[in-house]
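A short worksheet on the structure shown next.
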Amino acid sequence: MNTSNETKTNLTINGVVTGNPFGGVSVSRVLLVLITLVVFTLLVKLGFWQLSRAEFKQQWQQTLVLREQQAAINYTQLLSLTQTEPTDAEEAALLTGYRLSINATPVKQPLLLLDNQVYQGQVGYLAYQLFEVTPDSPWILVELGFVSAGKDRQILPALTPITAGQYQLTGRVYQKQANPLSDGLHPEMQVDKPIRFQNLAMPALAKLLHHDIAAAVLQPDSVPQYSLPQPWVPIPLSAQKHQGYALQWFTMAAVFLGLMIWVALRQFRHQ
């Protein structure tokens, strides 16, 4: 009796399959299937994540429109909002878009320059000056506008602080989300020069200047003694861009799945 071939095949006896049912399945095929499933699932999940972000950005845009239409709040109301525990760490928990009206006086502190800003293709700074609303309240950072940087980083823009006096400032406030890669203040200080810094890290700035500072920045509709451009980009990545990225992920998933099916069919035909 020849048993060499029989031991390599599955035998059916009375309807029961004997032997190893996976004997003809190679490890490479199993790995190919697993890799295909993992990568395809990941690409599809990334696509749906981008769609969820697009939906959130649309809702956030509607929130900004509503805030723009509301009456301006006062400084006490703003401070109350900054002390409220946020429900999440997304844009909806920020104060961006609220209108604010204050009477304030400039603080005798150096101007501040937020580094690495881009406006209409130019690299430069957002300039700020600190103002005081009442002696016992936190100072507030007021945006003066965008100023381009020179070729030499050692030479800072020549800016003059707003002169002493009381000013009525009305505009919109904003906060920026922390940069997960670098959220430190990283101040650069020189005598009689503006302070150059890297992030709107208010607690660190307050510690540096030894005085509390409100968590939101005021961008006035009109800045006394200044006419610098004031960029307003509350939503850095629009809903349309998220939808475009979602389409890219779904396309990549479809192409990858088609490629893996083609590879599997070629292997099957060459057996």
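Keep in mind it's a predicted model, so treat the numbers as computed, not measured.
Side-chain atoms of Q175 come within 3.5 Å of backbone atoms of L95 as a donor-acceptor pair (strictly under, hydrogens ignored). Without hydrogens or angle criteria, R67 side chain to T96 main chain gives a donor-acceptor distance under 3.5 Å. At distances below 3.5 Å, not a single donor-acceptor pair connects side-chain atoms of N199 with backbone N or O atoms of A201.
Sorted by first and then second residue, the salt bridge (Lys or Arg N to Asp or Glu O under 4.0 Å) pairs involving residues 197-211 (not counting sequence neighbours) form an empty list. For the ring-ring contact (aromatic ring centres under 6.0 Å, His included) condition, the pairs that include at least one residue of residues 115-138, sequence neighbours left out, are Y119-F146. The stretch residues 193-241 participates, sequence neighbours left out, in these ring-ring contact (aromatic ring centres under 6.0 Å, His included) pairs: W139-H211. Applying the side chain to side chain donor-acceptor pair (under 3.5 Å) definition to pairs two or more places apart or across chains, those involving residues 146-155 are D115-R153.
Using a 4.5 Å cut-off between side-chain heavy atoms of Ile, Leu, Val, Met, Phe, Trp and Tyr, with links allowed through other members, L114 and M202 fall into the same hydrophobic cluster. Hydrophobic clustering (side-chain heavy atoms under 4.5 Å, transitive across Ile, Leu, Val, Met, Phe, Trp, Tyr) keeps V147 apart from V118. Residue L46 is grouped with residue M252 when hydrophobic side chains (ILVMFWY) are merged at heavy-atom distances under 4.5 angstrom, including chains of intermediate members. Hydrophobic clustering (side-chain heavy atoms under 4.5 Å, transitive across Ile, Leu, Val, Met, Phe, Trp, Tyr) groups I35 together with W249. Residues V223 and V107 are members of separate hydrophobic clusters, defined by side-chain heavy-atom contacts under 4.5 angstrom among Ile, Leu, Val, Met, Phe, Trp and Tyr.
Note on ring orientation: taking the six-membered ring where Trp is involved, the planes of W60 and F56 are parallel (angle under 30°, cut-offs 30° and 60°).
For P203, there are no side-chain contact (heavy atoms from CB on, under 4.5 Å) partners two or more places apart in sequence or in a different chain. Under the side-chain contact (heavy atoms from CB on, under 4.5 Å) criterion, A246 pairs with Q50, L51, F250, sequence neighbours left out. Scored by the side-chain contact (heavy atoms from CB on, under 4.5 Å) test, Q58 finds A239, Q243 as partners (sequence neighbours excluded). Residues satisfying the side-chain hydrogen bond (donor to acceptor under 3.5 Å, both in side chains) criterion with Y167, sequence neighbours excluded, are T163, Q225. With sequence neighbours left out, T36 forms a side-chain hydrogen bond (donor to acceptor under 3.5 Å, both in side chains) with no residue at all. Evaluation of the side-chain hydrogen bond (donor to acceptor under 3.5 Å, both in side chains) rule for D136 yields T134 as partners, not counting sequence neighbours. Residues satisfying the side-chain hydrogen bond (donor to acceptor under 3.5 Å, both in side chains) criterion with Q129, sequence neighbours excluded, are absent altogether. Not counting sequence neighbours, the partners of L247 by the side-chain contact (heavy atoms from CB on, under 4.5 Å) test are T251.
Atom CD of Q168 is surrounded by 12 or fewer heavy atoms from other residues, nucleotides or ligands within 6.0 Å.
When all heavy atoms are compared, the tightest approach of P157 to P194 is O-CG, 4.4 Å. The two residues L156 and K193 make their nearest non-hydrogen contact at CD1-CB, 4.3 Å. Here the shortest heavy-atom pairing between A253 and V44 reads CB-CG2, 3.9 Å. Residues G97 and L64 come closest through the heavy atom pair CA-CD2, 4.0 Å. Nearest approach of L79 to S137, heavy atoms of both residues: CD1-CB, 4.5 Å. In terms of heavy atoms, G145 sits closest to L228 at CA-CB, 3.8 Å.
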Check the pair L113 / L159 against side chain to side chain contact (heavy atoms under 4.5 Å, CB included), numbers first and verdict last. CA-CA 10 Å; L113 298 175; L159 299 173; 3.9 Å; yes

Working for side chain to side chain contact (heavy atoms under 4.5 Å, CB included), residues V39 and L257: CA-CA 9 Å; V39 176; L257 181 61; over 6 Å; no

Give the intermediate values and the outcome of side chain to side chain contact (heavy atoms under 4.5 Å, CB included) for residues I162 and V142. CA-CA 11 Å; I162 297 174; V142 175; 5.9 Å; no

Test side chain to side chain contact (heavy atoms under 4.5 Å, CB included) on N74 and I102 and set out the steps. CA-CA 6 Å; N74 59 40; I102 58 174; over 6 Å; no

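Atom CD of residue Q198 and atom NE2 of residue H186 lie 7.0 Å apart, to the nearest 0.5 angstrom. Put simply, CD on Q61 and CG on L66 are 10.5 Å apart, with the number rounded to the nearest 0.5 Å. Here the CG-CD distance, from L141 to Q219, works out to 12.0 Å after rounding to the nearest 0.5 Å. Taken to the nearest 0.5 Å, the CG atom of L185 stands 9.0 Å off from the CG atom of L200. With rounding to the nearest 0.5 Å, the separation of CE in M260 from CG in L37 is 11.5 Å. To the nearest 0.5 Å, the span separating CG on L111 from CD1 on I195 amounts to 9.5 Å.
At a threshold of 4.5 Å between non-hydrogen side-chain atoms, the residues S101 and L169 do not count as touching. In this structure the side chain of L209 reaches within 4.5 angstrom of the side chain of Q109, judged on heavy atoms. Two residues are said to be in side-chain contact when any heavy atoms from C-beta on lie closer than 4.5 Å; L112 and L205 meet this criterion. R99 places a side-chain heavy atom less than 4.5 Å from the side chain of T170. Y98 places none of its side-chain heavy atoms less than 4.5 Å from the side chain of R172. At a threshold of 4.5 Å between non-hydrogen side-chain atoms, the residues P220 and L144 do not count as touching.
Side-chain contact annotation: Y174 with E143, donor-acceptor N/O pair under 3.5 Å present.
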